[in-house]
Amino acid sequence: MTIQVPVVEQIMSANDQLAAANRARLDGAGVFALNMMASPGAGKTSLITRTVEALQGELRIGAVDGDIATTIDADRIAALGVPTVQINTGGACHLDAAMLQNALAQLSLKELDLLIIENVGNLVCPATFRLGEHRNVLIASVPEGDDKPYKYPVMYRGVDALVLNKIDVLQAFDFDIDYFRQGVEPLNPGLAFFPLSCKTGEGLDAWLEWLRREIIERRRNEAKQHVSGNSG
Ligand SMILES: Nc1nc2c(ncn2[C@@H]2O[C@H](COP(=O)(O)OP(=O)(O)O)[C@@H](O)[C@H]2O)c(=O)[nH]1
Ligand SMILES: [Mg+2]
């Protein structure tokens, strides 16, 4: 009997295997990896630069920047003095685990605490391709409109934190935060939510606190596993 596995499933499982290998490599080096996803222009690069500026004094940060073309974003991040690897996907609408594997090979992971990955600007494709990251973050932004959770449910379902950027222009866009959150809640109950403005800095502290807590918790879990591994 021939068992037919759809091609998409095969690609996904090959990707998942590579993602697991990336994750093991990051864990081995003690690096916490964050995958930032959003539509083009939502503010991925802006939030990354704000985050780097705020945490650079306490954490050793590296960046991987995925774009269909150009090094514009990678140059913006590298200008802050963090090691940055540019991935041009050559047309692909998302990063995949093989691309991250290549990027990791170009970084001195032992010299990093936090790796921030800027995925390709897209609200559909990146959701289904794991890279080996520890946490997935979706950045929505006010000019996109308050109905996006209803229209792009897969993206909202699969993330660990949701940023709503550009709250400085809430009124100009008649953005209804309650309606927006009501769309998110059934997809991802209790999702960590950070309304903020990369332009004015409002709301950034809560986001940074969340990130610090996640990194600390991760380190604690790693230490526990290490102890129980040694004792067993
Ligand atoms: N008004 C406003 N503009 C912002 C904010 N954050 C980013 N932008 C602008 O939005 C545009 C796209 O930002 P960018 O970070 O490049 O988005 P990316 O494509 O998701 O990486 C730029 O012109 C930014 O200056 C914000 O909080 N408020
Ligand atoms: Mg960008």
Side-chain angles (χ1 to χ4, degrees), residues 33-56 61-96 99-100 103 114-127 129 131 133 135-146 148-149 151-152 155-156 158-177 180-181 192-211:
L34 205 57
N35 178 25
M36 309 279 250
M37 299 177 287
S39 55
K44 295 177 294 300
T45 311
S46 301
L47 186 59
I48 292 169
T49 52
R50 280 284 200 173
T51 303
V52 167
E53 282 163 357
L55 298 183
Q56 218 167 13
I61 306 176
V64 170
D65 208 282
D67 258 314
I68 289 178
T70 82
T71 62
I72 293 172
D73 287 358
D75 293 345
R76 270 170 76 188
I77 299 166
L80 301 173
V82 301
T84 305
V85 177
Q86 167 79 38
I87 302 174
N88 279 138
T89 64
C93 57
H94 60 86
L95 293 179
D96 63 29
M99 294 175 194
L100 184 64
L114 170 64
L115 181 69
I116 308 181
I117 303 161
E118 176 170 353
N119 215 310
V120 179
N122 192 298
L123 264 195
V124 181
C125 313
F129 282 83
L131 310 174
E133 72 283 356
R135 290 289 179 268
N136 287 289
V137 179
L138 173 60
I139 304 164
S141 68
V142 169
E144 293 165 40
D146 50 21
K148 291 305 167 288
K151 292 185 171 175
Y152 298 91
M155 189 58 113
Y156 283 81
V159 294
D160 305 297
L162 172 62
V163 168
L164 175 63
N165 187 30
K166 310 195 188 183
I167 57 168
D168 53 293
V169 292
L170 270 174
Q171 273 163 18
F173 284 88
D174 293 328
F175 191 100
D176 182 341
I177 288 202
F180 177 78
R181 295 200 72 179
F193 178 59
F194 305 104
L196 55 82
S197 167
C198 287
K199 183 172 180 176
T200 66
E202 186 186 353
L204 272 170
D205 283 348
W207 152 254
L208 295 168
E209 240 352 272
W210 175 83
L211 183 52

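Whatever order the structure lists them in is the order used to number ligands and atoms, beginning at 1.
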Would a 4.0 Å cut-off, counted as strictly less than, catch a protein heavy atom around atom 2 (C) of ligand 1?
yes
Original post:
Between Gln56 and Val82, is any pair of side-chain heavy atoms under 4.5 Å apart?
Top reply: yes
the protein heavy atom lying closest to atom 8 (N) of ligand 1 turns out to be Lys166 CE, 3.7 Å
With Leu131 as partner, the option from Val64, Asn119, Asn136 fulfilling side chain to side chain contact (heavy atoms under 4.5 Å, CB included) is Asn119
Taking N or O atoms only and a 3.5 Å limit, does Ala42 qualify as a polar contact for ligand 1?
-> yes
Nearest non-hydrogen protein atom to atom 28 (N) of ligand 1, with distance, is Asp168 OD1, 2.8 Å
Distance col, row Arg76:CZ vs Ser46:OG, nearest 0.5 angstrom, shows 4.5 Å
Under 4.0 Å between heavy atoms, the region of Asn165 that gets near ligand 1 turns out to be side chain
Under 4.0 Å between heavy atoms, the region of Ala38 that gets near ligand 1 turns out to be neither
Closest to atom 7 (C) of ligand 1 among protein heavy atoms sits Ser46 OG, 3.3 Å
Ligand 1 to Thr45, heavy atom cutoff 4.0 Å, flagged ligand atoms 15 (O), 21 (O)
For OD2 in Asp73 and OE2 in Glu118, the angle at the Mg ion (ligand 2) (nearest 10°) is 100°
Atom 16 (O) of ligand 1: of Lys44, Arg76, Met36, the nearest heavy atom sits on Arg76
Note to self: Does atom CD1 (Ile72) have a neighbourhood of more than 12 heavy atoms from anything else shown, all under 6.0 Å?
What the structure shows: no
In terms of heavy-atom contacts, Cys93 and Asn122 come closest through CB-ND2, 3.4 Å
Q. Side-chain contact, heavy-atom cut-off 4.5 Å: Thr51 with Ile48?
A. no
The protein heavy atom nearest to atom 12 (C) of ligand 1 is Gly41 O, 3.4 Å
re atom 17 (O) of ligand 1, the protein heavy-atom contact at minimum distance is Gly43 N, 3.1 Å
Practice problem: Please state whether the rings of Tyr156 and Phe180 are parallel, tilted or perpendicular, taking 30° and 60° as the class boundaries. | Solution: perpendicular
Test side chain to side chain contact (heavy atoms under 4.5 Å, CB included), reference Asn165, set Leu47, Leu196, Val142, output is Leu196
Query raised in the report: Are there protein heavy-atom neighbours of atom 23 (O) of ligand 1 below 4.0 Å?
Result: no
CD1 of Ile117 to CD1 of Ile87, rounded to nearest 0.5 Å, is 8.0 Å
Within 4.0 Å of some non-hydrogen atom of Glu118, the atoms of ligand 1 are 21 (O)
**Min side-chain heavy-atom separation Lys44-Asp73 under 4.5 Å** = no
When distances are taken from atom 27 (O) of ligand 1, the protein heavy atom at minimum range is Cys198 N, 2.9 Å
I'd like to know: is the Mg ion (ligand 2) within the 2.8 Å range of an N/O/S atom from Thr45, strictly under that distance? yes
